[in-house]
Amino acid sequence: MPELPEVETVRRQLINLIRDETIARVEAPFPPIITHDLHWFQDTIKDQVIRDLDRKGKFLIFMLDRHAMIIHLRMEGRFHIKKDEPVLKHEHAIFHFASGRNLRYHDVRKFGRITLVEKDRVMHHPGIAALAPEPKHLDVNHFYRRLKHKRVAVKTALLDQRLVAGLGNIYVDETLFHAGIHPKRLTSSLTKKQVVRMVEHATHVLARAVELGGATIRSYQAITGVHGRFQNELAVHTKKDEPCPICQTPIIKIKVGGRGTYVCPKCQQ
DNA sequence: CCCGTGCCCTGGCGGC
DNA sequence: TGCCGCCAGGGCACGG
């Protein structure tokens, strides 16, 4: 669920809490979260200092001394800063700092992944290497040409991080609503004008959501006690049977590419 | 190469 | 009240 705005919110909040902390020890009660031999990971990360926290698409990148730790939160990964509290059921990695505090990675569904690479190899991480630019940095002509040559639903294309980075289920539904485009439309049938409009709305929706600290729906929460406010501005996502904010027609929920999708059947043709 | 499907995983919810 | 079965979904592996 965390998409670009939620991951960016986590990044902004977390960096102020962990910058300059030294990682003294790592516990991993559920080792598969870490995509390496656990002992190698623990030995390699030990004594490195957290210098910065970056983001590429939905990936968080902890910049250490010699290595970068790349974390994808997937559906419901989150972080908490704690001290001596007991380890909870869904805390799958605990980074103990020399200061006595620790950073805990919490993930009920265990979908998230943690990878450690040498700093100059970040761009070789397969997920990051394949990332397209975010909407605000897209070359619209190039994007339009790529869409022209595909035979997939536009929603499927917008979710494909190799075509455009940062959008997930929530922001794709919102983008397509504001652009007045039906999620099942084939990308090859879109006009240049529609693609331009779509990219503009994606850019705007993401920027506005970042401004509001992301959307808090279902389980997403950035850091303990902190809630985003973008959910108050959602036009269609999660709004089944509620009136369309433009034409009052009830919003319907359909499936597109296996994903739950909210649409105004009148505004989106 | 392109596209569709299934997998990972668990809490929550609907149905009875 | 309790239990069963199914759904949610980002990224990736796999197969046609």
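Chain naming here is simple, since letters A, B, ... match the order of the sequence lines and numbering starts at 1 in each.
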Is [X] near enough to [N] that one of its side-chain N or O atoms lies under 4.0 angstrom from OP1 or OP2?
{"X": "A/His72", "N": "C/dG11", "value": "yes"}
{"X": "A/Lys150", "N": "B/dC3", "value": "yes"}
{"X": "A/Gln161", "N": "C/dG10", "value": "no"}
{"X": "A/Lys110", "N": "C/dG9", "value": "no"}

Ring centres under 6.0 angstrom apart (A/Phe62, A/Tyr105): no

Closest approach to the side chain of [X], judged atom by atom: which nucleotide of [options] is it?
{"X": "A/Arg109", "options": "C/dG11, B/dT10, B/dC3", "result": "B/dT10"}
{"X": "A/Phe111", "options": "B/dG4, C/dA8, B/dC8", "result": "B/dC8"}
{"X": "A/Lys58", "options": "C/dG10, B/dC3, B/dT10", "result": "C/dG10"}

Gap between atoms [atom1] and [atom2], on [X] and [N] respectively (whole Å):
{"X": "A/Arg162", "N": "B/dC1", "atom1": "CZ", "atom2": "P", "value": "11 Å"}
{"X": "A/Leu147", "N": "B/dC2", "atom1": "CG", "atom2": "C1'", "value": "15 Å"}
{"X": "A/Glu76", "N": "B/dC9", "atom1": "CD", "atom2": "P", "value": "14 Å"}
{"X": "A/Phe30", "N": "B/dT10", "atom1": "CZ", "atom2": "C1'", "value": "11 Å"}
{"X": "A/Leu159", "N": "B/dC3", "atom1": "CG", "atom2": "P", "value": "15 Å"}
{"X": "A/His106", "N": "B/dC9", "atom1": "NE2", "atom2": "C1'", "value": "14 Å"}
{"X": "A/Ile254", "N": "C/dA8", "atom1": "CD1", "atom2": "P", "value": "13 Å"}
{"X": "A/Lys240", "N": "B/dC13", "atom1": "NZ", "atom2": "P", "value": "17 Å"}

Touch class at under 4.0 angstrom, heavy-atom based, for A/Gly258 against every strand present: nothing

Touch class at under 4.0 angstrom, heavy-atom based, for A/Arg151 against every strand present: sugar-phosphate

Dot-bracket summary - DNA chain C, pairs being Watson-Crick or G-U whose distances fall under 3.5 Å, with | when paired to another strand: .|||||||||||||||

Positions of residues 123-137 of chain A (non-hydrogen atom under 4.0 Å from DNA chain C), listed by number: A/Gly127

Under 3.5 Å donor-acceptor pair, A/Arg259 side-chain atoms to C/dG10 base atoms: yes

Residue pair A/Gly57 / A/Glu134: nearest heavy atoms and the distance that separates them: N-OE2, 3.6 Å

Ring pair (Phe, Tyr, Trp, His ring centres under 6.0 Å) between A/Phe95 and A/Phe79, intermediate numbers included: CA-CA 11 Å; A/Phe95 299 86; A/Phe79 294 102; 7.9 Å; no

Whether over 12 other heavy atoms sit under 6.0 Å from A/Lys58 NZ: yes

Whether over 12 other heavy atoms sit under 6.0 Å from A/Arg19 CZ: yes

A/Arg74 or A/Lys89, whichever maps to the more 5' nucleotide of DNA chain B: A/Arg74

5' priority, DNA chain B, between A/Val108 and A/His149 [closest heavy atom]: A/His149

NZ/NE/NH1/NH2 to OD/OE distance under 4.0 Å, A/Arg51 and A/Asp65: yes

Charged N-O contact under 4.0 Å between A/Arg208 and A/Glu211: yes

A/Tyr262 and A/Glu242: side chain donor to acceptor below 3.5 Å: no

Test salt bridge (Lys or Arg N to Asp or Glu O under 4.0 Å) applied to A/Arg197 and A/Glu200, step by step: CA-CA 5 Å; A/Arg197 200 169 144 73; A/Glu200 283 170 356; over 6 Å; no

Spacing of OG1 belonging to A/Thr9 relative to CG belonging to A/Leu212, to within rounding of 0.5 Å: 9.0 Å

